[in-house]
2 protein chains.
Amino acid sequence: MDIVDRKIITLLAEDARRSLADIGNVVELSASAVNERIRRLTASGAIRRITVDADPAAFELPVIAFVWIALAPDADEGAFRSYAASQSAIAECHHVTGPWSYLAKVHVASLAEIESFLATMKQYGFLARTETIIALSSVVPGPFMPKGSVD
Amino acid sequence: MDIVDRKIITLLAEDARRSLADIGNVVELSASAVNERIRRLTASGAIRRITVDADPAAFELPVIAFVWIALAPDADEGAFRSYAASQSAIAECHHVTGPWSYLAKVHVASLAEIESFLATMKQYGFLARTETIIALSSVVPGPFMPKGSVD
DNA sequence: CCTGAAAAAATGTAGGT
DNA sequence: ACCTACATTTTTTCAGG
């Protein structure tokens with residue numbers, strides 16, 4: 001990962017459909033050299049995947065919420081993790097410092113859906129306590145990638 | 001936005017380099033029809049951009065932090081918003097319900113860098129109080145897109 | 001809004017520094 | 001590692017239903 005690799009990834013982050021020739025013009029390399037670098041960056045895992053940033057509103061998921069989670073003392077941590085990974089509503093979930101165990105970022109259709117989302121997790125026996133914060137607007141929106149629902 | 005459009009975007013979210021013919025096979029349309037749908041979805045804003053999900057570690061930004069921000073009573077809200085948008089460390093920033101005004105997700109190289117990040121915002125006169133939560137690990141990682149630094 | 005085929009463009013590969 | 005040239009694949013355009 002040299003400075004050119006970083007530049008290439010940053011250009012792709014702006015627009016991953018730029019041609020290799022275009023990118024080559026910016027970083028002063030041939031299209032093949034850029035291609036080979038992208039291949040290496042992908043193989044090494046520096047590039048995880050080429051993806052799409054979509055509008056949550058188009059998926060009728062206009063509500064972003066951050067949910068603090070304190071896991072039930074007897075909760076199966078492994079089960080919680082695979083549950084979180086499988087839920088299409090959960091865009092991110094981190095184990096965090098501070099008084100709560102996890103922080104999840106969720107995309108939902110409505111406030112009512114947050115309630116049923118929490119109720120389901122409660123039924124699974126995962127939750128001790130939660131606290132939900134709603135995003136009213138986004139100064140810096142952050143990307144949205146619809147997950148295929150794993151039902 | 002019908003069910004086919006959603007399926008196309010979801011497929012692109014998994015791997016935006018799939019060929020139109022491939023996608024067409026899945027949704028049972030010709031490559032041209034898929035192309036035309038993607039064109040429309042992009043024009044309407046349902047697709048914001050094709051981008052890359054990168055590994056923060058490759059950019060030497062292994063630390064994810066969530067910073068709760070209470071804006072100083074006399075802070076220029078507009079200035080804060082454009083500052084937040086310009087900072088490459090800030091991956092997301094939302095105006096939120098609850099006791100804090102904003103929640104920012106930041107990517108940094110080290111804990112020390114969080115300190116200087118907060119110090120800079122304090123110098124600009126934006127901050128009244130902040131609270132920082134560190135992600136210890138990520139159950140569901142969430143994508144990382146390097147922003148070009150606007151210095 | 002779709003198909004199918006032709007044209008244009010981008011990507012992947014080979015051989016030579 | 002990179003370049004140029006070429007083969008292959010993909011994307012884009014367009015006539016027609």
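Computed from a predicted model, the values in this text were never measured in an experiment. Order of the sequence lines sets the chain letters (A, B, ...), proteins ahead of strands, with each chain counted from 1.
Taking the salt bridge (Lys or Arg N to Asp or Glu O under 4.0 Å) definition, one finds that B:Arg40 meets it with B:Glu36, sequence neighbours left out. The salt bridge (Lys or Arg N to Asp or Glu O under 4.0 Å) test applied to A:Asp74 returns no partner, not counting sequence neighbours. Legend: residues meeting side-chain hydrogen bond (donor to acceptor under 3.5 Å, both in side chains) with A:Thr42, ordered by chain and number and at least two apart, are absent. Residues that satisfy the side-chain hydrogen bond (donor to acceptor under 3.5 Å, both in side chains) test with B:Arg48, not counting sequence neighbours, are A:Asp53.
Residues in residues 131-151 of chain B take part in these ring pair (Phe, Tyr, Trp, His ring centres under 6.0 Å) pairs, two or more places apart or across chains: B:Phe59-B:Phe144, B:His107-B:Phe144. Evaluation of the salt bridge (charged side-chain N to carboxylate O under 4.0 Å, His left out) test over residues 81-102 of chain A, restricted to residues two or more places apart or in two chains, returns A:Glu92-B:Lys105. Sorted by first and then second residue, the pairs that involve residues 72-91 of chain A and meet ring pair (Phe, Tyr, Trp, His ring centres under 6.0 Å), not counting sequence neighbours, are A:Phe80-A:Tyr102, A:Phe80-A:Phe126, A:Tyr83-A:Tyr124, A:Tyr83-A:Phe126.
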Under 3.5 Å, sequence neighbours excluded: what are the donor-acceptor pairs made by side chains of residues 8-22 of chain A?
| residue | atom | partner | partner atom | Å |
| --- | --- | --- | --- | --- |
| A:Thr10 | OG1 | A:Arg6 | O | 2.8 |
| A:Asp15 | OD1 | A:Arg17 | N | 2.9 |
| A:Ser19 | OG | A:Asp22 | N | 3.1 |

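A nucleotide of DNA chain C counts as in contact with chain A when one of its atoms lies under 4.0 Å from a heavy atom; the first and last such, 5' to 3', are C:dA10 to C:dT13.
Within the 4.0 angstrom heavy-atom criterion, only backbone atoms of the sugar-phosphate kind lie near A:Leu20; the bases stay farther away.
Fit an axis to the five pairs at each end of the helix from C:dC1-D:dG17 to C:dT17-D:dA1 and the two axes sit 30° apart, to the nearest 10 degrees.
Within residues 27-38 of chain A, the residues approached by DNA chain D to less than 4.0 Å at the level of any non-hydrogen atom are A:Leu29, A:Ser30, A:Ser32, A:Ala33, A:Arg37, in residue-number order.
Alongside A:Leu136, the hydrophobic cluster contains no other residue (criterion: ILVMFWY side chains under 4.5 Å).
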